[in-house]
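First the structure, in the form of structure tokens, and then the observations on it.
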Amino acid sequence: MDYNFRVIEEKWQRYWREQQTYRTHETPGQKKYYVLDMFPYPSGAGLHVGHPLGYIASDIVSRYKKLKGFNVLHPMGYDAFGLPAEQYAIQTGQHPKLTTRQNISRYREQLDKIGFSYDWSREIRTCEPDYYKWTQWIFIQLFHSWFNCLTKKAEPIEKLISAFEQHGLNCNAPQFLTGDIEKSVQSFSAAEWKGMTEKEKSDVLLNFRLAYLSDAWVNWCPALGTVLANDEVKDGFSERGGYPVERKLMKQWSLRITAYAERLLHDLDDIDWPESVKEAQRNWIGRSEGTSIRFKLVNHDGFVEVFTTRPDTVFGVSFLTLAPEHELVNLITAPEYRSKVEEYVKGASAKSERERQTEVKKVSGQFTGAYVLHPFTGEHIPVWVAEYVLAGYGTGAVMAVPGHDQRDYLFAKHFNLPIREVVSGGNTEVEAYTAKEGLLVHSGFLNGLGVKQAIHEAILEIEKLGIGKGQVNYRLRDAAFGRQRYWGEPIPVFYKDGIPHTIEESELPLLLPEIDTFQPTESGEPPLARARDWKYRGKYEYETTTMPGWAGSSWYFLRYMDANNEKEFVSKEAVNYWQQVDFYLGGAEHATGHLLYLRFWTKFLFDLGFIPVKEPARKLINQGMIQGVSAFVYRINGTHKFVSAGLRDQYETTPLHVDVSIAPNHILDIEKFRDWREDFGDAEFILEDGIYRCGAEVEKMSKSKYNVVNPDDIIAEYGADTLRLYEMFLGPLEQSKPWSTQGINGVHNFLRRWWRMFNISGDRCVLSEEEPTAAELKVLHKTIRKVEEDVERFSFNTTVSAFMICVNELSDLKCHKRAILEPLVILIAPYAPHFAEELWHLLGHQNSVTSASFPEWKEEYLVENDFEYPVSINGKVRFKINLSLQLSKEEVEQNVLRSGEIVKFIQGTPKKVIVVPGRIVNVVV
RNA sequence: GCGCAUGUGGCGUAAUUGGUAGCCGCGCCAGACUUAGGAUCUGGUGCCGAGAGGCGUGGGGGUUCGAGUCCCUCCAUGCGCACCA
């Protein structure tokens, strides 16, 4: 009987569904294993062959661990809120709820065809109220929490309120956050706190809440009509859609992820994640140690506070620079410079983020006419405004030390400002000396010290004078959390007398209201402002922004543990059993976005005692991207003529993408091409060798590039098991590679060879019940060991070739013995589940192969008696000699030197003979 | 500019600890069988060379009895960050 994958795959998919084979329950006492895929956004384009790569790998791990006796949690769901559905809704008027549901059912059909072992009873959809109810609930917990810098964790806001009631607020006390937001908070006494109005108290508390409302500089994307978080902006353009982004000051909900900067950085050491992801997170967090220094203003009250990592160079300061947005600029500018400064600031703010970034190399700035006093020399130091200083980092002001900082140096050269050498070792005539080596010179009390020592001494002195203190700064910014969009979780907040309040937990979920059109209002308010009669308790205005796409994905791994719980986001029993993800698989593009928010929310929920773990996933692997191979035709400009790729140099042409399905092996099917698009109907062609060759290029797989390959097509032709094996066979999981069906036949033929080995006749395998030989047992046990070792280190491509080698060897041995073949069915079950299930039943089993146990390999079948030693002379292998492995090093050496072949290569006694037992012999002459 | 990956036959790749480089598959070459197939089976296939032999893991250098693997340096490609004081 032939291997009829169409019948087999359909049959077992139905069986698994009916038997609920993949349903998982918490079983205390049984060891658990949690395998998680990064869930997909269900786009209208459906799955392409790149998506399942990771899903197949994680499915193999799940099935393998199950066979190994683990209770495996392997769920799937959908990251279902997001911009594309909403953009589509704006264009077509279709409710995003409907298109999202349609897309999800398409995804589900495609996923089912591949034969995954997901427990679909735990499916989640972030856009459904039974899920986003808990996303809103977590937001409420964030709102009612603050970060205590003494205990280094989140605590209920009530604790802060009672501290205010007893002691007031001392901004210099260490437990209070001091960052860019909090600097606007003034100290107050307990009595003053008690005297404050509700509004005043609320404003103070917003400076501490982990979810807070504030005026903040945000990334505003006019084309999308919304604010974006930093990780959603790439090079000044929106990640989704590629629209320009500008800076805008607006009232905005944010999450205080900066409070967790230190822990997010520190705990990276404890998790088994790719070094590249950890490094990206370290860079994103951007910790730097330094000190603040306050420079007293001349002719004004107050001071300019700077942050520097090089307080040792304080004697080399020749000017101060403020960011154009700095609040002091307006205040301190001298009358005679006012118009010039205003012009400069205006010019700076008119620029887009993009323009600012591309003009990085251009030096620009403007003197304000103001001066500060040098804290140690008393010298007057001019204050400038310049774009190279970022408002959002540190204090938005720098002390410029041109001798030892590249940017300051360029600035000083450009404006002819003094350059002072204070660390010896370089030549400040030529360039800035930025190395942290050398001795301090021209630096008062720091003279003669090394850089490290000088930094230490300088901080001590600065702190002694009370003009600053040692500080750690982070590049990480708080995350903008409100989106001026419709298709997201409503933020569960209403406003009473201008004060934000969260709704009662018992009133959750706050449902997304129905509106007539998904566009912003005429006055520019977010779409939710269109909702009629949408008021809290009929009285109070709701918040009209919604949560960003990453809200729902920041905690979803917990919901799978207890997906249908209506009382809690996850039960204690479930989370105590499943703990955290053991194996998390997803794309590398989430290194700093999703994965940072996920870790942040996990730590927060841990702090409040809701969950027992402070990291979401112990092990993370990034699967590589499967790229598309696009095909191109070359149209001769201004004509309907297309020239074959090899001849295109002779003409002026424009390359056009052509659908890969009408250009098999990059040879254009001319008839199909003419039918493909109406305007190509009368196309003419210049051929080479009688055919039209297309150009090829590796690009991202996408609809617009006509290079998408649908797994459904591969399955129709070869079956899901072939697709699964082939995707694994393509190479290491982490590596990106272009999709090519070259070689898929090899994998398919391998399955057919395996199938034939089982001698299937009617509805059973006709196998020999004979005792296996030593050679056969060796093949079996070698394969078991290889497959086990390779899955454990997530090396799936090598497992597939191990299966192939196994079949080749058993074919050579003409083995058709049950004792050998039956365990092999269990071995391959994680990779080719339908195939294995069919064979398992043909072998006479009544139960599913998924309930079998993974076979154990035994050393006794693998021991070798002899070894064919390669003998190398001076490192070059010259001949081989078969010797017993029982021989000692000396005996091996004697055997080699006595052998007939050695005389061809050496005369007399060798200098040295190295014997590595069981490996190699090297003779040095 | 900085950081992180990755460079091995015509192609995808393998070599888990420094120990026979090229397993497995594709492709290609030769052959067998035939109910002529996108089937199956056998043999061959890193490069140069008729052969003996030589050369070979991006280039150069080093450590070592021995290097794809370790160290230094340069080059190429991909990704991330980029005025972060």
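This is a predicted model, so every value here is computed, not measured. Every chain is numbered from 1, with letters handed out A, B, ... down the list of sequences.
Counting non-hydrogen atoms under 4.0 angstrom, A:Arg878 reaches the backbone sugars and phosphates but no base. Using a 4.0 Å heavy-atom cutoff across all strands shown, A:Pro732 reaches sugar-phosphate atoms only and no base atom. Heavy atoms of A:Glu275 sit nowhere under 4.0 angstrom from any nucleic acid atom. Using a 4.0 Å heavy-atom distance criterion, A:Asn797 is classed as a sugar-phosphate-only contact. Counting any heavy atom pair closer than 4.0 Å across all strands shown, A:Val924 reaches sugar-phosphate atoms only and no base atom.
A donor N or O paired with an acceptor N or O is not found under 3.5 Å between the base of B:C81 and the side-chain atoms of A:Asn283.
Ring geometry for A:Phe867 versus A:Tyr869: interplanar angle over 60°, hence perpendicular rather than tilted (30 to 60°).
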Polar atoms only, N or O, under 3.5 Å: list the protein pairs with nucleotides 35-44 of chain B and their distances.
| residue | atom | partner | partner atom | Å |
| --- | --- | --- | --- | --- |
| B:G38 | N1 | A:Glu717 | OE2 | 3.1 |
| B:G38 | N2 | A:Glu717 | OE2 | 3.4 |
| B:G38 | N2 | A:Tyr718 | OH | 3.1 |
| B:C41 | OP1 | A:Arg753 | NH1 | 2.8 |

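Taking the ring centroids of A:His748 and A:Tyr726, they lie at or beyond the 6.0 Å cut-off.
A:Arg599 places a side-chain heavy atom less than 4.5 Å from the side chain of A:Ile271.
Between A:Arg919 atom CZ and B:G19 atom C1' the separation is 6 Å, expressed in whole Å. Counting to the nearest Å, the P atom of B:U6 and the CD atom of A:Gln735 are 8 Å from each other.
Checked by atom type, the side-chain pair A:Asn473/A:Ser288 shows no donor-acceptor distance below 3.5 Å. In the model, A:Asn283 has no side-chain atom that pairs as donor or acceptor with a side-chain atom of A:Arg475 under 3.5 Å.
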Practice item. Starting at the 5' end of RNA chain B, write a dot or bracket for each base, bracketing those in Watson-Crick or G-U wobble pairs whose two distances are under 3.5 Å and using | for partners on another strand. Key: (((((((..(((......[....)))((((((.......))))))(((....)))..(((((..]....))))))))))))....
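Between A:Ser288 and B:A85 there is a side-chain polar atom (N or O) within less than 4.0 angstrom of OP1 or OP2.
A salt bridge links A:Lys778 with A:Glu864: the closest approach of a Lys/Arg side-chain nitrogen to an acidic carboxylate oxygen falls below 4.0 angstrom.
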